[in-house]
Amino acid sequence: MIDPKLIRENIDLVKESLGKRGDAFVNLAKLTDIEGQRRKLIQESERMKSEKNALSNEIAKLKKAGADAAGQIEHLRTIGKDIEEMERRVKAVEKEWEDMTLVIPNIPHDTVPVGTGEEDNTVAKVWGEKPQFDFDPLAHWDIGEKLDILDFKRAAKITGSRFTLYKSYGALLERALINFMLDLHTGEHGYTEVLPPFMVNRETMTGTGQLPKFEEELFKLDGLDYFLIPTAEVPVTNIYADEILREDDLPLKYVAYTPCFRKEAGAHGKDTRGLTRQHQFNKVELVKFTAPETSYDELEGLLLDAEDVLKRLNIHYRVSLLCTGDLGFSSAKTYDIEVWLPGQNIYREISSCSNFENFQARRAKIRYRKQGGKTDFVHTLNGSGLAIGRTVMAVMENYQAKDGGIVVPEALRPYMRGITKIPAAS
RNA sequence: GGAGGGAUGGCUGAGUGGCCGAAAGCGGCGGUCUUGAAAACCGUUGGGCGUUCACGCGCCCCGUGGGUUCGAAUCCUACUCCCUCCGCCA
């Protein structure tokens, strides 16, 4: 949620930022109007309550003194009725206000390039080089089926489209990457590992911004108001919902492995082959809670921590800075890490690292106590570190050998029983 | 699934209808003392919202939502969560 003060005091900034996102918010006038109404009604109702409290105290005193208070009691009775009516109006307006503010996206940071879509993103850095092959590199789905380590057909039989059955070295590679990343981030980057619930309630989903606007993207349990998480960001960021943290404890850094579940409702017919876009995929996620002053430095650090995974695997990638038009709903600034996939001849997003500033903290009520005792909202950040399925693709396509096998990146060997190569099909 | 008990401020824990936003202790912060620290003593110490240039003033919050009452942390009710015992179970 953006700061309500902005709506009141700087509606032009809100208008401008929404414009930059290409997300024209037609009813800003109405929102300003509701905000005015809301405050007017609150003031009026508080005035009435104040009167009620004074009268109530008076009655208490009279009663204590053994005096008669029938007149005051009668008066209070009528005030009470008026207050009830006023409360109804306050609640109605506050509901309306909340419904509107919860669907307003975050304000982009000043350093975010203005643009309308993917094509306006800028390349922030490039690491490594495209590998050269003396044969035509295959896409991972071909490699996977040839080696019988990825089985898309049977997964479709078991469940449906956009699921994968990993087999043998495929399953081992997936598991190795999870462990490799968790060990790297906990052991060398200072993150604390958590293993959160994979389904969460509606409030939690609202806290990080998935709800109320994106319910059609989520798998919901039948008969329960629980949802399967689309990313570990949701349960992990909400660890401190409704809490006040100590300034000395910041920044707090967590890493979590979870599966992620997404409907991919708007992606019919897109990326239908291979591991690219699945209803269920694994991810190791990094989450930080920071003081507002340091959050942009922490974003750069988070990005480096995520990049480090690919560096150690020695896989070429570039980092793009998303423009205003491509920025996610809750984010103020996002870097995407795009990994090189020689089998498909494309760069593909493998991590998304964002600073949400206090947008999520405000929704989830995550605060910290500053020097001097005042409380303020923390800044929340997160980034994939990395998406496992897409890393599997990257390893398979970048490390494929002429004979059809896959060389195991050195960093991964300790996690794969020491083997140096996934052997070619016999 | 059955039976019972509970939910109060950072923590422990009083409070069963009328200055209770809430005793007390611990913790935290400030001070006295001390070369410094500890101890002791004194003081201070919840959050949110509205209003105000500010001091301040007002409203709301005792798990959550309803209800009773002139008045609710206290009574009723539904829900949620936690604990104990029994059953079942990876």
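Order of the sequence lines fixes the chain letters, A, B, ..., with proteins taken first and strands second; residue numbering starts at 1 for each chain.
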Give a yes/no answer on whether the side chain of Arg39(A) brings an N or O atom under 4.0 Å of OP1 or OP2 in G50(B). no
Taking atom C1' in both G46(B) and C41(B), what distance in whole Å separates the two? 26 Å
Provide the distance between the two C1' atoms, one in C33(B) and one in G56(B), to the nearest whole Å. 36 Å
If I take atom CZ in residue Arg202(A) and atom P in nucleotide G65(B), what distance separates them, rounded to the nearest angstrom? 18 Å
If we call it a pair only when both distances are under 3.5 Å in a Watson-Crick or G-U wobble match, what pairs with U80(B)? A7(B)
Starting at CG of Asp242(A) and ending at C1' of U64(B), how long is that distance when rounded to a whole Å? 12 Å
Please report the distance, rounded to the nearest Å, between CG in Asp376(A) and P in G47(B). 13 Å
Integer angstrom distance from the P of C76(B) to that of U16(B): 14 Å
Please measure how far the P atom in G25(B) lies from the corresponding atom in G66(B), and state the result in whole Å. 37 Å
Euclidean distance for C1', C61(B) against U8(B) (whole angstrom): 12 Å
Charged N to carboxylate O below 4.0 Å: is that the case for Glu84(A) and Lys81(A)? no
Candidates U51(B), C81(B), G47(B) - which lies nearest the side chain of Gln43(A): U51(B)
My understanding is that a pair needs two contacts under 3.5 Å, Watson-Crick or G-U wobble. By that rule, which nucleotide pairs with C59(B)? G48(B)
Without decimals, in angstroms, what is the distance between Met48(A) CE and C70(B) P? 17 Å
Rounded to whole Å, the CE-P distance (Met1(A) to G48(B)) equals 14 Å
Are the ring centres of Phe359(A) and Phe329(A) closer than 6.0 Å? yes
Provide the distance between the two P atoms, one in G21(B) and one in A73(B), to the nearest whole Å. 8 Å
Write down the distance between CG (Leu245(A)) and P (G47(B)), rounded to a whole number of angstrom. 14 Å
Take a 6.0 Å sphere around CD of Glu300(A) and say whether it holds more than 12 heavy atoms from other residues, nucleotides or ligands. yes
Could you name each residue pair satisfying salt bridge (Lys or Arg N to Asp or Glu O under 4.0 Å) that touches residues 412-426 of chain A, not counting sequence neighbours? Asp403(A)-Lys421(A)
If you only use heavy atoms from C-beta on, which nucleotide in G50(B), C70(B), G47(B) is closest to the side chain of Thr375(A)? G47(B)
Here's a test for you: under salt bridge (charged side-chain N to carboxylate O under 4.0 Å, His left out), which of Arg38(A), Arg39(A), Arg88(A) qualifies with Glu94(A)? Arg38(A)
One thing to verify: whether Lys30(A) and Glu96(A) come together as a salt bridge, which I'm taking to mean a side-chain N less than 4.0 angstrom from a carboxylate O. yes
From Asn355(A), Thr111(A), Asp110(A), residue fulfilling side chain to side chain donor-acceptor pair (under 3.5 Å) relative to Lys333(A): Thr111(A)
Take Lys213(A) and Leu102(A) through the test side-chain contact (heavy atoms from CB on, under 4.5 Å) and record every step on the way to the result. CA-CA 8 Å; Lys213(A) 213 178 170 184; Leu102(A) 280 178; over 6 Å; no
Answer yes or no: does a side-chain N or O of Arg369(A) lie under 4.0 Å from OP1 or OP2 of G47(B)? yes
Show each protein N/O and nucleotides 54-61 of chain B N/O combination with a separation under 3.5 Å, one pair to a line.
from   : atom 1 : to       : atom 2 : distance (Å)
G58(B) : O3'    : Ser50(A) : OG     : 3.4
G58(B) : N2     : Glu46(A) : OE1    : 3.0
G58(B) : N2     : Glu46(A) : OE2    : 3.4
C59(B) : OP1    : Asn53(A) : ND2    : 3.0
C60(B) : OP2    : Asn53(A) : ND2    : 3.3

Applying the Watson-Crick and G-U wobble criteria at under 3.5 Å, what pairs with C70(B)? Answer none if nothing qualifies. G18(B)
So for atom CZ, which belongs to Arg89(A), do other residues, nucleotides or ligands contribute more than 12 heavy atoms lying within a distance under 6.0 Å? no
Rounded to whole Å, please give me the gap between CG in Asp225(A) and P in U80(B). 12 Å
Considering every strand and a 4.0 Å limit on heavy-atom distances, what is the contact class for Lys5(A): base, sugar-phosphate, or nothing? nothing
Can you pull the salt bridge (Lys or Arg N to Asp or Glu O under 4.0 Å) pairs that have at least one residue in residues 270-284 of chain A, sequence neighbours excluded? Asp142(A)-Arg273(A), Glu264(A)-Arg277(A), Asp271(A)-Arg277(A), Asp271(A)-Arg348(A), Lys283(A)-Glu285(A)
pair_partner(A40(B)), Watson-Crick or wobble, both distances < 3.5 Å, evaluates to U32(B)
Which is true for Arg367(A) with a 4.0 Å heavy-atom rule: it touches a base, it touches only sugar-phosphate, or it touches nothing? sugar-phosphate
Counting only side-chain nitrogens and oxygens, does Lys370(A) get under 4.0 Å of the OP1 or OP2 atom of C29(B)? no
Mate of G1(B) where both pairing distances stay under 3.5 Å, Watson-Crick or G-U: C86(B)
If the P atom of G47(B) is compared with that of A40(B), how far apart are they to the nearest Å? 27 Å
Here's a test of your reading of the structure: between Leu76(A) and Ile244(A), which maps to the more 5' nucleotide of RNA chain B? Ile244(A)
How far does the P atom of G87(B) sit from the matching atom of U69(B), given to the nearest Å? 47 Å
Among G47(B), C70(B), G50(B), which is the nearest nucleotide to the side chain of Ile73(A)? C70(B)
Just how far, in rounded Å, is C1' of G18(B) from CG of Leu55(A)? 13 Å
For A54(B), which nucleotide in any strand shown is its Watson-Crick or wobble partner with both distances under 3.5 Å? none
